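This structure is a prediction, so every number in the text was calculated from the model and none was measured. In what follows, chains carry the letters A, B, and so on, assigned in the order in which the sequence lines appear, proteins first and then strands, with residues in each chain numbered from 1.
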Protein chains: 2
Amino acid sequence: MSLRHAVLGLLADTSASGYDLMKSFETSLDHVWHATQSQVYGELGKLTAAGLLEVSDEGPRGRKEYVVTPAGRDELRRWLTETEPVRQRRNDTLLRVFFLGELSTQEAVGFLEREAERCAGERAALEEVEKTVGRVEPFSVNGRLALEFGLRLATMQEEWARWAAAQVGAREKAAGAQDGAASHDASGRPVEPKDPESSER
Amino acid sequence: MSLRHAVLGLLADTSASGYDLMKSFETSLDHVWHATQSQVYGELGKLTAAGLLEVSDEGPRGRKEYVVTPAGRDELRRWLTETEPVRQRRNDTLLRVFFLGELSTQEAVGFLEREAERCAGERAALEEVEKTVGRVEPFSVNGRLALEFGLRLATMQEEWARWAAAQVGAREKAAGAQDGAASHDASGRPVEPKDPESSER
DNA sequence: ATCCCACATTCCACAGTTGACATGTCAAGA
DNA sequence: TCTTGACATGTCAACTGTGGAATGTGGGAT
């Protein structure tokens, strides 16, 4: 559902072609709202049919320039002010954490350490973006908010993964001769207590 | 794709019926891997047809008890050790952050403050779980790792949202008589710089 | 005996996502 | 002139996800 709003939002200030929008999705929004060609062109058609967009111009090569209609602008505002963000309900890494008991402690620690390294790499990349942005041009004010989120998230995840690796590694030491038993909880089931929310927005 | 692995993982230690699995998804895994009835029963059929599960028992009311086959166990291990977690590529909240410029500063601050309150509530709920778990029964060792992740995530998100609200609010003050201009960057487009990664795993 | 709720399974129509495929045009460079 | 890569659009089939609906059974309480 938010694809339509992403398209409306991108067009809110500047009209653009489908191809331009694709570029925006690839460069700026890829990790905030990934969208494929099929989706974007499909959505443009739907939004136009629904009267939320209109074709403002046509150029060479079949180019169509889209602009938001007043109805489209209203819909964008309605979405922003009257609906709640949809929370994410799936997290592949955490799913795997639940089943780490299927692995040896060494393998489990390895998984968590790889995760930490991946996050460290991501944090470094974001820090690089932060530097570039500071030097090159006035950064989008809202883009900077999102960048900070990404930085804090990467940092948090890295720290958690390192902590988790240390926890799992420490269990091996404490378990000593009871390695097999210590990899599982009392019932051997990792799913018995109420699961913590790990939803991400 | 990970639904199949979630099912395999849940069955790895204890055989269960489709209905039991549904309960596990609802209670323990709902925020780690949400799954619907259609999906679970559908997947059970596919996994059984593929030889990764088998029906070990049948009971009253058409009950079928499923157990993982050796091939199923191998597939679970392969997934855990040979594939990387799929990263999330969409985040509704951050998408909205990109378009906060469409709102008044007051509205934008309101959005961020509501977000912070939601996260605070989530953190409180997780802390409650943490306490309950400490008192009631031995908590799954891996479940506790996930719980800690959820806590850190909620905390990080709350702090970020409060920071962001303060940033946006401070811009209003600094802008003073230039309120309209200050809500946008130089070009009025929130998407120009390379977007920070906000992917969540 | 009857009722009701939990146990238990199967199925549906629709929407969203993926990862391409396909075709055509323009403009710059060789 | 020809080539090539970017510009530009549209479409497809398969899969996943959603939010139910539907049907039937067992067992405990009244």
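Remark: the backbone N or O of B/V86 is paired with a side-chain donor or acceptor of A/D92 at under 3.5 angstrom. Counting only distance, with no hydrogens or angles, the side chain of B/Y19 and the backbone of B/K64 share no donor-acceptor pair below 3.5 Å.
A salt bridge is absent between B/R118 and B/E113; no separation between the charged side-chain nitrogens and carboxylate oxygens falls under 4.0 Å. Taking 4.0 Å as the cut-off between side-chain N and carboxylate O, B/E75 and B/R78 count as a salt-bridged pair. The residues B/E127 and B/K131 are annotated as not salt-bridged, no charged nitrogen and carboxylate oxygen being separated by less than 4.0 angstrom.
With a 6.0 Å cutoff to the six-membered ring centre and a 45° limit on the axis angle, B/R4 does not count as a cation-pi contact of B/W79.
In this structure, CG of A/D20 is placed 16 Å from P of D/dA6, rounded to the nearest angstrom. Note: CZ (B/F25) to C1' (C/dA8) measures 17 Å, nearest angstrom. For the pair B/H34 NE2 and D/dG20 P, the computed distance is 11 Å after rounding to whole Å. If you measure from atom CD of A/E58 to atom P of C/dG24, you get 19 Å, rounded to the nearest angstrom. Remark: C1' of D/dT9 and CG of A/L21 are 13 Å apart, rounded to the nearest angstrom. When the C1' atom of C/dT9 is taken as reference, atom CZ of B/R63 falls 12 Å away, rounded to whole Å. B/M22 has its CE atom 12 Å from the C1' atom of D/dT18, to the nearest Å. One interatomic measurement links the two molecules: CD of A/E26 to P of D/dA6, which rounds to 12 Å at whole-angstrom precision.
Between A/R87 and B/T93 there is a side-chain heavy-atom pair separated by less than 4.5 Å.
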Interface polar pairs with nucleotides 23-26 of chain D, N/O, under 3.5 angstrom:
residue	atom	partner	partner atom	Å
D/dG26	O4'	B/R61	NE	3.0

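Proximity of B/K64 to the phosphate of C/dT10: a side-chain N or O atom is located under 4.0 Å from OP1 or OP2.
The side chain of A/R89 lies closest to D/dG19 when the candidates are D/dG19, D/dC7, C/dA8.
Of all the heavy atoms in A/L8 and A/G72, the pair that sits closest is CD1-O, 3.8 Å. The nearest pair of heavy atoms linking B/E102 to A/R73 is OE1-NH1, 3.6 Å.
Within residues 36-47 of chain B, the residues having any heavy atom under 4.0 Å from DNA chain C are, by residue number, B/Q37, B/S38, B/Y41.
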